[in-house]
Amino acid sequence: MTIPAIPTLQPGAGPIRAERYLPVDPESVLWGRLPNADDRPAITVRPGESVTIDTVSHEGILPDQGSDPRAFFATHGVAAEHVLDDAVAIARTGRRDPGSDGPHVVSGPVAVVGARPGDVLTMTVVETLPRVHYGVVSNRHGRGALHGEYPVDGTTVSVFADVVDSPAGLRGRIPLTTARERFARFPLAPFLGIMGVATTGERRHSVPPGRHGGNIDVNLLQAGTQLHLPVLVPGALAYVGDPHFAQGDGEVALTAMEASLRATVRFDLTPADEAASRFGDLVWPVAETQEYLVPTGMDPDLDEAVRECVRHAVAILGARWGMEPHLAYAYLSAATDFDISQVVDLVTGVHARIRKADFEEPAR
């Protein structure tokens with residue numbers, strides 16, 4: 001038997017970095033919807049605390065894949081012990097309405113003590129551990145970038161991708177042909193496609209992202225990166241999901257290498273009065289890496305999403321560094337890359353990479 005390149009992390013087994021741990025409860029998990037203000041928290045933390053959170057990928061548990069992950073992955077050579085028990089249990093619950101709900105399994109919500117509307121919640125991704133050694137890239141529903149052209153026969157195409165060891169480290173691989181004799185290999189870059197806060201009103205569909213975050217699919221949100229979100233309901237009620245092993249900007253086929261992760265996330269809070277000077281009017285989520293400040297923009301129309309991102313970038317340059325709007329606009333044109341986050345989630349996304357070092361005073 002082939003030894004997987006990554007150990008399987010069943011619920012409660014393996015490394016749990018934080019003092020608090022949130023496994024997936026198949027009987028209460030939200031499948032296809034995002035938490036709202038009326039949902040009870042799965043766990044409550046104080047600002048500055050971290051939680052290790054298990055996430056489950058929707059790929060392999062959906063009806064068009066048989067709703068039986070053990071049987072689905074067995075066709076790709078995955079032994080039953082390497083299929084996650086919580087994924088099997090979720091598939092058996094049938095808690096999702098295929099006609100009205102999204103595909104994503106959402107972990108949480110996490111209540112943050114003292115969080116109030118107007119504050120900013122910062123979710124720092126401390127660690128992302130793969131729970132399995134494989135993933136899936138699917139094209140379905142005619143919602144990829146080339147809708148109408150793929151899938152060719154209109155049925156779901158689910159491409160199995162596994163993880164292999166190499167001299168350069170762990171790599172994902174996808175076959176060049178269905179014979180699976182040759183492969184394209186690519187770096188792994190695990191991140192959570194869904195990171196967000198609860199909203200008022202009915203539970204939102206899990207697919208379209210928005211000011212609340214949700215399914216933003218910004219692939220920069222890897223370990224060490226922060227996501228800043230406006231608190232919209234008391235306690236924030238944060239959540240995560242849609243785990244990826246890798247994704248190219250655009251996510252053009254509809255999904256990328258979707259695969260379950262165990263993520264450790266820290267929750268910090270910035271009060272409303274201080275948040276204004278750091279973020280201005282936080283109309284869209286803002287990511288932040290060591291190198292970049294990353295404002296986002298979203299709209300069903302990609303052109304308008306670019307405009308929203310540019311407006312957001314101009315505003316945050318003014319709030320953070322006091323830059324006048326016409327000068328910020330010029331700077332962005334000269335020095336900032338605007339990347340397509342994704343074009344497949346009903347609401348398209350764009351994010352800008354503003355180098356923070358450009359605004360540091362040079363050493364004398």
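- Ring geometry, F73 versus Y134: the interplanar angle falls from 30° to 60°, so the pair is classed tilted.
- Of the candidates V350, N219, D217, N219 is the only one forming a side-chain contact (heavy atoms from CB on, under 4.5 Å) with D249.
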Stepwise side-chain hydrogen bond (donor to acceptor under 3.5 Å, both in side chains) check, T8 with H82: CA-CA 6 Å; T8 302; H82 297 304; 2.7 Å; yes
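- The closest side-chain heavy-atom distance from D345 to P209 is below 4.5 Å.
- Across A287 and L221, no two heavy atoms sit closer than the pair CB-CD2, 3.9 Å.
- Atoms OG1 and CD1, on T336 and I354 in that order, are 5.0 Å from each other to the nearest 0.5 Å.
- In summary, of the residues considered (R33, R95, R96), a side-chain hydrogen bond (donor to acceptor under 3.5 Å, both in side chains) with D101 occurs for R33 alone.
- Pairing each heavy atom of I174 with each of A161, the nearest pair is CG1-CB, 3.8 Å.
- One hydrophobic cluster, built from ILVMFWY side chains closer than 4.5 Å, cannot hold both V56 and I6; they sit in different ones.
- Taking CG of L129 as the reference point, atom OG1 of T264 lies at 6.5 Å (rounded to 0.5 Å).
- At least one side-chain heavy atom of T44 sits less than 4.5 Å from a side-chain heavy atom of V113.
- If you take CG on L170 and NE2 on H133, they are separated by 12.0 Å, rounding to the nearest 0.5 Å.
- For the pair F191/V125, no side-chain contact is recorded, criterion being any heavy-atom separation below 4.5 Å from C-beta on.
- Side-chain contact between V265 and F267: present, with at least one pair of heavy atoms (C-beta onward) separated by less than 4.5 Å.
- Between L232 and R211, some side-chain heavy-atom pair lies under the 4.5 Å cut-off.
- For the pair E258 (side chain) and A256 (backbone), a donor-acceptor distance under 3.5 Å is present.
- Note on R203 versus D39: salt bridge recorded, some NZ/NE/NH1/NH2 to OD/OE distance being below 4.0 Å.
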Trace of the side-chain hydrogen bond (donor to acceptor under 3.5 Å, both in side chains) decision for S138 with T255: CA-CA 6 Å; S138 285; T255 78; 4.7 Å; no
From CA spacing to verdict: side chain to side chain contact (heavy atoms under 4.5 Å, CB included), R70, D85: CA-CA 9 Å; R70 288 201 178 108; D85 293 341; 3.1 Å; yes
Chi angles and distances behind the side chain to side chain contact (heavy atoms under 4.5 Å, CB included) call for T296, V286: CA-CA 6 Å; T296 62; V286 174; over 6 Å; no
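- Side-chain contact between L62 and R140 is present, with at least one heavy-atom pair separated by less than 4.5 Å.
- Residues A18 and T52 come closest through the heavy atom pair N-OG1, 3.0 Å.
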Evaluation steps, side-chain hydrogen bond (donor to acceptor under 3.5 Å, both in side chains), between Q65 and T156: CA-CA 8 Å; Q65 296 164 329; T156 298; over 6 Å; no
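- Separating the CG atom in L30 from the OG atom in S107 is a distance of 9.5 Å, to the nearest 0.5 Å.
- Heavy-atom minimum distance, P63 versus P98: CG-CG, 4.5 Å.
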E288 vs T122, side chain to side chain contact (heavy atoms under 4.5 Å, CB included): CA-CA, chis, key distance, verdict: CA-CA 10 Å; E288 189 165 357; T122 296; over 6 Å; no
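- Atom CG of L84 sits about 12.0 Å away from atom CD of E81, to the nearest 0.5 Å.
- Side chain of N139 to backbone of A253: a donor-acceptor contact under 3.5 angstrom is found.
- Taking NE2 from H228 and OG1 from T124, the interatomic distance works out to 7.5 Å, rounded to the nearest 0.5 Å.
- For H326 (side chain) and E324 (main-chain N/O), no donor-acceptor pair under 3.5 Å exists by modelled atom type.
- Between the D25 side chain and the E27 main chain, a donor and an acceptor come within less than 3.5 Å of each other.
- Seen from the ring of F279, R320 counts as a face-on cation partner, given the 6.0 Å and 45° thresholds.
- Residues that satisfy the ring pair (Phe, Tyr, Trp, His ring centres under 6.0 Å) test with Y150, not counting sequence neighbours, are absent from this structure.
- Contact annotation: the side chain of V105 never approaches that of T55 to less than 4.5 Å [non-hydrogen atoms, C-beta and beyond].
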Criterion side chain to side chain contact (heavy atoms under 4.5 Å, CB included) on V314 and L332, from CA distance to verdict: CA-CA 8 Å; V314 168; L332 292 169; 3.7 Å; yes
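- Closest non-hydrogen pair, Y239 versus P35, comes out as CD2-CD, 3.4 Å.
- Side-chain contact between S158 and F72: present, with at least one pair of heavy atoms (C-beta onward) separated by less than 4.5 Å.
- Classification of the F359-Y331 ring pair by plane angle, with boundaries at 30° and 60°, yields perpendicular.
- Heavy atoms only, all atoms of each residue included: T289 and K356 are closest at O-NZ, 2.8 Å.
- When hydrophobic clusters are built by joining Ile, Leu, Val, Met, Phe, Trp and Tyr residues whose side-chain heavy atoms come closer than 4.5 Å, directly or via intermediates, L261 is not grouped with W31.
- Under the salt bridge (charged side-chain N to carboxylate O under 4.0 Å, His left out) rule, D86 has a single partner from R92, R131, R262, which is R131.
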